[in-house]
Amino acid sequence: MKQIAIFGYYGFGNTGDDAVLFSLLDDFAELNREMHITVFSNNPQLTKKQYAKYKIDTAAWDDFEKLNTIIRQSSLLIIGGGGLYNCYLDYPAELFLKGNHRYFSVVTFGMPYIAQKSKTPCIVCGAGASEIWSEEAKKHIGKGLAKCNTVTVRDEGSKRILECLPGAEQVKIVVTGDPVFRLDHNRVDLSNMLPLFDEVCCMPQPLVGISLRNWDFAGDKDKLLREISGTINQFHKNCGGGLSCFCRLIMVQFWKH
């Protein structure tokens, strides 16, 4: 029986990342083969309950001893997807490949190193990348990607970011899209949203849903707001409609809270 370990930003209550896990587990279920899957989660009990039909095991991502043991016993380690490759906050490089801490990015960037030490094949699956401020983090990520058997990302922007990292020049990074796009949405009950869909379909102008996360970091929030507003303005310029003013009002109200 194959042993599969999956590591990502799971069990944190983030709908997008948990949907990635749903998609990956769905893919394995379609293979109709015997395998034992362990998912590393921030809330192992909840994750196991949420995906009970897949009969997975779970473990805490910050249990470093168990994490090493499970990866060593696995036939494959999957990292991703979701936007795992970023570093906006502090990055305590001295904790790299060490336990007894709660720095998720430090553990994430160390996954390929642990897999290589355990002689376990490792792949990055449809991950996303954004700004990486720490030079130490850039080195850890770039050299770590070079240890992976396969690296795929969800968009061209993520590919460009990762390709520029020290050590990553040895890696062939392939754009595959977000794993969530493979979900079978026909199984989701949307009956309670049909009135909203009917209303939207009658609108003569483009409609875009925007979900903003109010990151708590020591940055220029006004600049960030201008960047988001600029993106919406560009969409408005290309597609027309009264979208820009409407969305800017929503963002201002959001930022006040």
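None of the values given here were measured: they were computed from a predicted structure. Any value given below was found using the heavy atoms of this structure, including those in side chains, with hydrogens, waters and symmetry copies removed.
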d(Thr58 OG1, Asn42 CG) to nearest 0.5 Å is 11.5 Å
Set out, in order, the CA-CA distance, both residues' side-chain angles and the distance that settles side chain to side chain donor-acceptor pair (under 3.5 Å) for Asp155 and Ser158, then state yes or no. CA-CA 6 Å; Asp155 55 74; Ser158 295; 3.0 Å; yes
Please tell me if the side chains of Phe40 and Tyr9 come closer than 4.5 Å, counting only heavy atoms from C-beta onward. no
Mark yes or no for whether Ser118, through its side chain, and Ile114, through its backbone, hold a donor-acceptor pair below 3.5 Å. yes
If you compare all heavy atoms of Leu24 against all heavy atoms of Cys125, which two are closest, and at what distance to 0.1 Å? CD2-SG, 3.8 Å
Lys138: partners by salt bridge (charged side-chain N to carboxylate O under 4.0 Å, His left out), with sequence neighbours left out: Glu135
What verdict does the side chain to side chain contact (heavy atoms under 4.5 Å, CB included) test give for Ile6 and Leu21, after you've listed the backbone C-alpha separation in whole Å, the side-chain angles of each residue and the deciding distance to 0.1 Å? CA-CA 8 Å; Ile6 304 178; Leu21 177 58; 4.3 Å; yes
Would you find a donor on one side and an acceptor on the other, under 3.5 Å apart, between the side chain of Thr120 and the backbone of Ile71? yes
Set of side-chain contact (heavy atoms from CB on, under 4.5 Å) partners for Arg160, sequence neighbours left out: Glu156
What's the shortest heavy-atom distance between Cys122 and Leu76, and which atoms? N-CD1, 4.5 Å
Would Val180 and Phe22 count as a side chain to side chain contact (heavy atoms under 4.5 Å, CB included) if you check the C-alpha gap in whole Å, the side-chain angles of each, and the deciding distance to 0.1 Å? CA-CA 8 Å; Val180 172; Phe22 186 8; over 6 Å; no
Students often mix this up, so state it plainly: with edges at 30° and 60°, are the rings of Phe7 and Phe104 parallel, tilted or perpendicular? parallel
Should Trp133 and Asn86 count as side-chain neighbours, where that means a heavy-atom distance under 4.5 Å? no
Derivation and outcome, side chain to side chain contact (heavy atoms under 4.5 Å, CB included), residues Val175 and Thr152: CA-CA 6 Å; Val175 177; Thr152 66; over 6 Å; no
I'd like to know whether Val107 forms a side chain to side chain contact (heavy atoms under 4.5 Å, CB included) with Leu67, so could you lay out the CA-CA distance, the side-chain angles of the two residues, the decisive distance to 0.1 Å, and finally the verdict. CA-CA 10 Å; Val107 176; Leu67 184 146; 4.1 Å; yes
I need the Met1 CE to Glu34 CD distance, nearest 0.5 Å. 4.0 Å
May I ask whether Val174 and Ile79 are part of the same hydrophobic cluster, defined by side-chain heavy atoms of I, L, V, M, F, W, Y residues being less than 4.5 angstrom apart, directly or through others? no
Salt bridge (charged side-chain N to carboxylate O under 4.0 Å, His left out) filter on Asp57, not counting sequence neighbours, yields Lys48
Find out whether Ile78 and Phe28 are in side-chain contact, i.e. whether some heavy atom of one side chain is under 4.5 Å from a heavy atom of the other. yes
For Glu30, is the CD atom crowded, meaning more than 12 foreign heavy atoms sit under 6.0 Å from it? no
Heavy atoms of Gly11 and Ser41 approach each other most closely as CA-OG, 3.4 Å
Calculate, to the nearest 0.5 Å, the distance between atoms CZ and CG belonging to Arg102 and Asp62 respectively. 4.5 Å
For the CD atom of Glu163 and the NZ atom of Lys172, what is their distance to the nearest 0.5 Å? 11.5 Å
Roughly how far apart are Cys148 SG and Gln116 CD, rounded to 0.5 Å? 9.5 Å
Between Arg154 and Gly128, what is the shortest heavy-atom contact and its length? NE-CA, 3.4 Å
Sequence neighbours excluded, which residues qualify as salt bridge (charged side-chain N to carboxylate O under 4.0 Å, His left out) partners of Asp18? none
Holding to side-chain hydrogen bond (donor to acceptor under 3.5 Å, both in side chains), I want the full list of residues that pass it with Asn68, two or more places apart in sequence or in another chain. none
Excluding sequence neighbours, so at least two apart, what forms ring-ring contact (aromatic ring centres under 6.0 Å, His included) with Tyr113? Phe96
Is there a side-chain contact between Phe64 and Lys98 (heavy atoms, below 4.5 Å)? no
CZ/Arg33: more than 12 non-hydrogen atoms of other groups inside 6.0 Å: no
Looking only at non-hydrogen atoms, find the nearest pair between Thr176 and Gly126 and report the distance. OG1-CA, 4.0 Å
Give, for atom CD1 of Ile4 and atom CG of Leu25, the distance between the pair rounded to the nearest 0.5 Å. 11.0 Å
Anything under 30° is parallel, anything over 60° is perpendicular, the rest tilted; go ahead and classify His101 against Tyr103. tilted
Within the supplied structure, the quantity of interest is the number of heavy atoms (other residues, nucleotides, ligands) at a distance under 6.0 Å from Glu94 CD; does it exceed 12? yes
Tightest non-hydrogen contact, residues Val39 and Tyr10, listed as CG1-CD1, 3.7 Å
Side-chain donor-acceptor pair under 3.5 Å between Asp26 and Tyr54, yes or no? yes
Could you tell me whether the side chain of Ile141 reaches within less than 4.5 Å of the side chain of Leu162, counting heavy atoms only? yes
Show the numbers, then the answer: is there a side chain to side chain donor-acceptor pair (under 3.5 Å) between Tyr88 and Ser130? CA-CA 9 Å; Tyr88 304 107; Ser130 49; 2.5 Å; yes
Give a yes or no on whether Lys143 atom NZ has more than 12 heavy-atom contacts from other residues, nucleotides or ligands under 6.0 Å away. no
Heavy-atom count around Lys159 NZ within 6.0 Å, excluding the residue itself: above 12? yes
